[in-house]
Amino acid sequence: MGFVWFWIVAVMIAAYVVLDGFDLGVGILSPFLGRTEDARRTLYRSIGPVWDGNEVWLLAGGGTLYFAFPLLYASSFSGFYLPLMIVLWLLIMRGVSIELRMHIDHDVWRSFFDGLFFVASALLAIFFGAALANVIRGVPIGADSYFFLPLWTNWRVGANPGILDWYTVIGGVVALVALATHGALWLVLKAPGELEERARRAASTLWIALLVITLISLPATIAVRPSALANYKAYPILFAIPALVVATLIGMLSFTKQRKPLAAFLSSCLYLVFMLVGAAAGLYPTLLPSSTDPARDITIAGALAGPHSLHVGLIWWSLGLVLALAYFFTSYWLFRGKVTAEAGYGH
Amino acid sequence: MNALLLDRIHFAFTVTFHYLFPQLTMGLALLMVVMKLIALRSNDDRWNQAARFWAKIFAINFLLGVVTGIPMEFQFGTNWSEFARRTGGVIGQPLAMEGVFAFFLESTFLGLFLFGEKRMSKLAHFGAATMVFVGSWISGFFIIVTDAWMQHPLAYHLLPNGSYEVSSFWKFMLNPWAWLQYAHNMCGAVVTASFVVAATGAFYLLEKSHQEFGRLFLKIGVIAGLISCVVQIFPTGDFHGRYVAKYQPAAIAGMEGLFRTQKGAPVVLIGQPDENAQKIDNPLVVNDVLSFLLYGTTSAEVKGLNAFPRDQWPSALPLLYYSYHIMVGLGTWFLLLMLVAAFLLWRGKLYSARWILWPILLSFPLPYIANTAGWMTAEIGRQPWLVYGLIRTSEGYSTHVSAGNALFTLLGFLGMYSVLSILWIVIVYRFIRTGPAATAVEPEPATLTAV
């Protein structure tokens with residue numbers, strides 16, 4: 001049961017990263033690609049009907065985490081108090097900026113929300129990457145299973161770390177570059193004409209940065225958390241995951257060069273998925289490792305909710321997921337194809 | 001200020017601000033379905049235009065409901081971690097179900113409802129509106145089930161690690177408290193939406209612009225307003241009140257300001273509770289009525305606060321008393337106003353009766369206050385318990401989050417929500433200024449709210 005719910009939560013988080021990832025990426029690229037008002041409108045239009053639904057995966061995933069692993073939810077949410085609150089503020093600012101910029105036809109009004117959209121998107125990507133890196137690095141969990149992390153201490157990964165240190169900053173940069181690339185590939189798929197070309201060039205440039213930072217992050221992870229390799233050594237088949245990360249990276253570039261934007265975008269989706277799966281496979285069955293004492297690790301067994309809830313949960317969750325997928329395909333099918341800047345602007 | 005108090009203010013402030021938006025969108029979703037239905041049946045396109053106009057206002061409120069709602073789910077873990085740890089196996093369930101069953105539904109069909117009118121048949125568009133309504137009402141249900149378990153915990157058992165688990169999923173979902181509270185709460189949302197729609201109509205008639213739509217809005221607002229105001233008092237409010245009296249007698253005593261147990265207990269209409277002297281100052285009371293309302297006979301005994309140990313009294317007694325009295329007082333005003341307005345509508349005199357249009361216009365903020373006061377009554381009445389009888393509020397907060405950090409984020413939310421309030425007022429005002437007539441079918445709007 002713990003195994004099943006571990007992967008259910010992991011799948012929902014991965015779905016969130018892949019889906020909200022591209023609209024965060026569009027935000028990160030917006031000042032660079034949105035040089036004219038037409039281009040900016042196209043950027044917003046490419047994510048307009050779907051960004052809110054994408055964000056639902058975060059809420060549904062968070063709710064499922066709360067339900068299946070209450071101790072993990074309680075410990076990590078209170079321990080990561082400050083960064084989570086900042087994430088909430090950024091999510092508010094970002095949602096508002098996407099939706100309100102069109103309401104008043106005035107350059108200053110729109111510029112303000114464009115800036116907010118960029119800053120909030122970029123910082124969210126960095127925070128999400130740093131959050132995952134915190135989970136991999138471990139936190140100083142106390143005897144009562146709780147902890148509290150300041151935003152930063154001495155930028156080292158020792159026994160008394162902060163949310164931000166050299167390793168989690170690498171995690172943040174990985175997320176920033178990966179989601180920017182992801183967003184660029186989405187735009188190649190959705191944007192017309194010149195913007196599509198610019199997005200393609202951006203994707204190619206970003207790809208090099210992504211390759212470099214990915215290759216840095218792998219040894220850094222092993223240095224920070226040698227035990228992450230234990231599962232890999234026990235089940236060598238798991239080494240297929242990093243191989244798939246590399247394969248999808250190559251796919252992103254070569255499909256872009258071959259002008260197969262859908263295949264390139266899907267490669268990017270899979271890249272994100274395999275990065276997450278690789279991290280999850282290294283952690284399992286730990287959910288949140290302790291940086292001080294392995295006996296204080298929060299594990300699946302220690303954090304799992306009661307058996308009756310979880311059995312019932314499996315029934316409604318399966319049903320709910322089928323419905324969610326049905327909505328998802330309906331929505332993306334209806335809004336398929338290229339977007340343009342002109343139609344439907346204004347009110 | 002200690003961390004516990006700050007965490008309480010943190011949750012109270014963010015949830016109160018959040019609920020300004022869902023109470024309108026849940027009610028408006030129903031009214032939009034009615035508008036679409038009338039349009040479908042009568043082939044009168046004005047009702048489609050009306051629905052499109054309200055869809056714009058719905059969208060901006062929905063957005064603000066979404067962005068202010070995310071912090072609510074997070075705060076169980078951030079500020080109330082010990083509560084989350086102990087009860088996740090119970091209330092984590094409806095919160096997760098809300099995401100899976102309501103949010104996906106709402107976000108998808110709202111997109112279709114707002115963007116898809118040209119791409120789909122009239123019937124399909126009506127269907128999309130209906131799904132938005134269903135999604136928002138399912139969402140409300142899961143939140144109420146969560147709160148109802150905190151108010152009236154049942155179908156649980158304690159695990160060895162000190163946390164609770166659901167012992168029967170269906171008993172948990174069918175908690176009578178939840179269904180009574182749900183009926184009362186959703187009806188309250190319809191009151192808010194009806195008053196907002198009616199007030200907009202009154203505004204258009206008073207300023208003599210968009211008068212055709214002003215009349216439509218008044219008509220639907222007054223009819224829905226009258227029905228919801230009646231149902232709000234009886235049966236939903238009445239039944240809910242009796243249930244509270246049965247399971248939270250201390251809360252009822254606090255709400256009513258009844259310090260001493262007595263037969264033929266009075267209802268206090270106005271007066272100020274004095275906790276130390278244990279009496280009501282300057283009281284205006286009607287004898288026997290409380291006994292009758294709660295137990296159906298004027299001679300029934302009602303337990304006063306003196307029947308309970310002091311550490312089980314609702315901890316913010318005067319605030320509880322005022323919240324309840326404000327809710328009931330406003331509810332009475334709503335019913336009177338809507339009765340008069342509905343009578344005039346029936347006699348065909350409403351649209352020119354400026355003396356009633358003015359109070360309808362000015363009353364639009366009041367349902368927001370009444371709904372907020374109602375929630376304050378429920379949640380302050382639950383004190384000093386976080387989960388009634390099981391977990392005290394003082395046991396539930398995050399002890400590892402310092403008061404300084406809690407104050408930091410509370411101030412952050414205060415600032416951010418002040419800005420959101422201003423943006424909200426500016427945008428909604430602009431929509432109402434522009435009016436419904438300008439609302440043609442938009443080919444392809446860019447985002448959810450820019451319809």
Side-chain angles (χ1 to χ4, degrees), chain A residues 41 44-45 48-50 52-53 56 58-64 66-71 73-79 81-82 84-85 88-89 91-92 95-96 98-100 102-104 146-148 305-306 308-309 312-313 316-317 320-321 323-324 327-328 330-331 334-335 343-345 347, chain B residues 56 60 63 66-68 70-71 73-74 76-79 81-82 84-85 87-90 92-93 95-101 103-105 107-108 111-112 115-116 119 159 163 165-167 169 398-401 405 409 412 416 420 423 427 430 434 442-451:
Chain A
R41 269 183 228 162
Y44 286 101
R45 292 176 50 72
V50 292
D52 174 52
V56 170
L58 177 68
L59 278 174
T64 308
Y66 182 16
F67 159 67
F69 302 105
L71 174 65
Y73 175 83
S75 174
S76 60
F77 274 51
S78 60
Y81 184 84
L82 287 172
L84 274 178
M85 289 291 173
L88 289 172
W89 297 341
L91 286 172
I92 293 172
V96 167
I98 295 172
E99 294 295 335
L100 295 194
M102 292 299 196
H103 279 290
I104 294 179
Y146 287 112
F147 66 96
F148 185 85
H308 179 73
S309 308
V312 176
W316 60 251
W317 190 85
L321 192 77
L323 289 172
Y327 307 145
F328 169 83
T330 311
S331 183
L334 273 168
F335 298 109
Y345 172 64
H347 29 222
Chain B
K56 292 200 281 187
I60 181 79
L63 167 76
V66 168
V67 297
T68 58
I70 304 171
E73 186 185 285
F74 278 43
F76 288 108
T78 51
N79 297 67
S81 58
E82 188 53 21
R85 183 185 75 78
T87 61
V90 180
Q93 184 135 298
L95 293 176
M97 291 178 84
E98 187 195 22
V100 173
F101 287 105
F103 292 154
F104 283 122
L105 183 76
S107 62
T108 308
L112 296 184
F115 304 146
R119 296 190 178 198
L159 295 173
S163 70
E165 190 204 5
V166 173
S167 58
F169 176 77
S398 300
T399 49
H400 291 251
V401 176
N405 280 310
T409 58
M416 182 156 294
L420 288 187
L423 292 173
I427 304 263
R430 286 173 55 94
T434 311
E442 289 290 340
E444 282 282 303
T447 53
L448 286 176
T449 61
V451 186

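Proteins get letters first, then strands, A, B, ... in listed order; numbering begins at 1 in each.
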Colleague: Might you point out which heavy atoms bring B:T409 and A:M85 nearest each other, and give the distance in Å?
Modeller: CG2-CG, 3.5 Å
Colleague: Let me confirm one number: the CG-CZ distance from A:L58 to B:F74, rounded to the nearest 0.5 Å.
Modeller: 4.5 Å
Colleague: Would you mind reporting whether B:N79 and A:Y81 have side-chain heavy atoms less than 4.5 Å apart?
Modeller: yes
Colleague: Return the minimal non-hydrogen interatomic distance between A:G53 and B:S107, and the atom names on each side.
Modeller: CA-OG, 3.5 Å
Colleague: Is A:L82 in contact with chain B via its backbone, its side chain, both, or neither, using a 4.5 Å heavy-atom distance?
Modeller: side chain
Colleague: With chain B, which of A:F77, A:W317, A:F148, A:F328 has the greatest number of heavy-atom pairs at distances under 4.5 Å?
Modeller: A:F77
Colleague: Could you tell me whether the side chain of A:W316 reaches within less than 4.5 Å of the side chain of B:F101, counting heavy atoms only?
Modeller: yes
Colleague: Is B:I70 in contact with chain A via its backbone, its side chain, both, or neither, using a 4.5 Å heavy-atom distance?
Modeller: both
Colleague: A:G320, A:S331, A:G61: which one forms the most heavy-atom pairs within less than 4.5 Å of chain B?
Modeller: A:G320
Colleague: I want to check something: taking the side chain as every heavy atom from C-beta on, are A:I92 and B:P71 in contact at a cut-off of under 4.5 Å?
Modeller: yes
Colleague: Under 4.5 Å heavy-atom distance to chain A, tell me which part of B:V66 shows up: side chain, backbone, both or neither.
Modeller: side chain
Colleague: Are any non-hydrogen side-chain atoms of B:L105 and A:Y327 less than 4.5 angstrom apart?
Modeller: yes
Colleague: Non-hydrogen atoms of chain B under 4.5 Å away: do they reach the side chain of A:L88, the backbone, both or neither?
Modeller: side chain
Colleague: What is the distance from atom OG1 of B:T108 to atom CG of A:D52, rounded to the nearest 0.5 Å?
Modeller: 9.0 Å
Colleague: Please report the closest heavy-atom contact between B:A96 and A:F67, naming both atoms and the distance.
Modeller: CB-CB, 4.1 Å
Colleague: Is the shortest side-chain heavy-atom distance between B:F104 and A:L323 below 4.5 Å?
Modeller: no
Colleague: Taking B:L159, B:T87, B:L112 one by one, which has the highest count of heavy-atom pairs under 4.5 Å against chain A?
Modeller: B:L112
Colleague: I'd like to check the side-chain hydrogen bond (donor to acceptor under 3.5 Å, both in side chains) partners of A:S78; sequence neighbours left out, ordered by chain and number.
Modeller: none
Colleague: Calculate, to the nearest 0.5 Å, the distance between atoms CG and CD1 belonging to A:L100 and B:I60 respectively.
Modeller: 4.5 Å
Colleague: Can you tell which part of A:F147 gets under 4.5 Å to a heavy atom of chain B, answering side chain, backbone, both or neither?
Modeller: backbone
Colleague: Do the side chains of B:Q93 and A:V312 get nearer than 4.5 Å, heavy atoms only?
Modeller: yes
Colleague: Could you check which of B:G412, B:G92, B:S398 has the highest count of heavy-atom pairs closer than 4.5 Å to chain A?
Modeller: B:G92
Colleague: Measuring only between side-chain heavy atoms, which start at C-beta, is B:L423 closer than 4.5 Å to A:H103?
Modeller: no
Colleague: Examine whether an atom of B:M97 lies under 4.5 Å from a heavy atom of chain A, and if so say whether it belongs to the side chain, the backbone or both; otherwise answer neither.
Modeller: both
Colleague: Which one wins on heavy-atom pair count under 4.5 Å against chain B: A:V50, A:L321, A:V96?
Modeller: A:V96
Colleague: Which atom names give the shortest non-hydrogen contact between B:G89 and A:A305, and what distance separates them?
Modeller: CA-CB, 4.2 Å
Colleague: Which of the residues B:V67, B:V90, B:N405, B:T78 is involved in the greatest number of heavy-atom pairs with chain A at under 4.5 angstrom?
Modeller: B:T78
Colleague: Tell me every residue that passes salt bridge (charged side-chain N to carboxylate O under 4.0 Å, His left out) with B:E82, counting only those two or more places apart in sequence or in another chain.
Modeller: B:R85, B:R86
Colleague: Between A:G79, A:A324, A:S75, which has the largest tally of heavy atom pairs under 4.5 Å with chain B?
Modeller: A:A324
Colleague: Please classify the contact of B:S167 with chain A as side chain, backbone, both or neither, using a heavy-atom distance under 4.5 Å.
Modeller: backbone
